[in-house]
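Have a look at the structure below before the remarks.
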Amino acid sequence: MFKDQVVLVTGAGQGIGAEIAREFAKDGAIVAVVDFNQETAEKVSADIKAQGGQSVAFQADVSDTERAAEVVAAVVAQFGKLDVLVNNAGITRDSSLKKMTIEQWNAVIQTNLTGVYNYTKAAFDVMTTLGYGRIVNFSSLAAISGNFGQTNYSAAKAGVIGLTRTVALEGASKGVTANAVAPGFIQTPMTDKIPEEIKQKMISSIPVKRIGYPSDVAHAVKFFASKEAGYITGQVLEINGGMHI
Ligand code: NAP
């Protein structure tokens, strides 16, 4: 489905991003694996190559604007284009508003919102010039319903929705779509930190009665990234087992 397409996934060293990278590679894409952690980025990339796929790894902090331009330029120099950008990298620095520090606020805004801006800005030029592109951004249920202890995270993820809709408008006549996924509660190293008792409570409140898996999100990302989804843009798809019906 993605044969010979060039796909860049940020935060692809583990969790949902690693699953997305592997899924695109299985479908024939050339995958640029970008992560803060060089070791995990190289491991995912090496696994893809060991399975017969094509991949290249980059160490980068998504909040670094110059590095984003460098990484996108390196991908385009090597493969001649960039078909799909998945802005998956994200962090949490949870605290009630009363206790939140400006450092916690800034860290989350810089990674989860400025990071999306940085890679979208760099990729958008290439995609609009070539007349084709699919951008898939990561929002969250926390952006839609709010979440106790996540003022910073909810604000950044709500910002991603506004950014996505505007990029969708600006790219619409140039062959470039922009959409967002808003996962609920997905089993990854990010949520492994949550105490088991709280996890079980959360799972019992999910209508489908299970935690989500990275593959549940990866399939939705591939849908937005497909050529066939060219008439779908500026949308937010909630992937949460019915948590927000
Ligand atoms: P994860 O397991 O923590 O993985 C996130 C990846 O992003 C890690 O490999 C991490 O690298 C990387 N990363 C963090 N900061 C970065 C930066 N500044 N530059 C480059 N890479 C960076 O998280 P996940 O659960 O897979 O989450 C993926 C996305 O889904 C995030 O945007 C998250 O907010 C969103 N999401 C997740 C859930 C959920 O329930 N899991 C729910 C809603 C939304 P390190 O190895 O250095 O940490």
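Whatever order the structure lists ligands and atoms in, that order sets their numbers, starting from 1.
For the pair E19 and R22, the salt-bridge criterion is not met [side-chain N within less than 4.0 Å of a carboxylate O]. Under the 4.0 Å criterion applied to side-chain N and carboxylate O atoms, R210 and D216 are assigned as salt-bridge partners.
Counting only heavy atoms of the protein, atom 26 (O) of ligand 1 lies nearest to I16 N, 2.8 Å. For atom 6 (C) of ligand 1, the closest non-hydrogen atom on the protein side is G11 O, 3.4 Å. Counting protein heavy atoms only, atom 18 (N) of ligand 1 is closest to D61 OD1, 2.9 Å.
Geometrically, ligand 1 and V62 share a nitrogen or oxygen pair separated by less than 3.5 Å. Considering backbone and side-chain N/O atoms, Y153 comes within less than 3.5 Å of an N/O atom of ligand 1. Where the criterion is an N or O separation shorter than 3.5 Å, residue side chain and backbone included, F36 meets it with respect to ligand 1.
By the criterion of a heavy-atom distance under 4.0 Å, the side chain of T111, and not its backbone, is placed next to ligand 1. Contacts of T191 with ligand 1, taken as heavy-atom pairs under 4.0 Å, involve the side chain alone. Of all the heavy atoms of S139, the ones lying under 4.0 Å from any atom of ligand 1 belong exclusively to the backbone. Here N88 has heavy atoms under 4.0 Å from ligand 1 in both its backbone and its side chain.
Put simply, no part of Q187 is less than 4.0 Å from ligand 1, judged by heavy atoms. Put simply, no part of P214 is less than 4.0 Å from ligand 1, judged by heavy atoms. The shortest heavy-atom distance from A142 to ligand 1 is not under 4.0 Å. The shortest separation from a heavy atom of A60 to ligand 1 is under 4.0 Å, placing the residue in contact.
Counting atoms of ligand 1 from 1 in the listed order, those under 4.0 Å from a heavy atom of I91 are 14 (C), 15 (N). For ligand 1 and P189, the ligand atoms under 4.0 Å from any heavy atom of the residue are 2 (O). Those atoms of ligand 1 with a heavy atom of G15 less than 4.0 angstrom away are 2 (O), 26 (O).
Distance check: T120 OG1 to D125 CG gives 11.5 Å after rounding to the nearest 0.5 Å.
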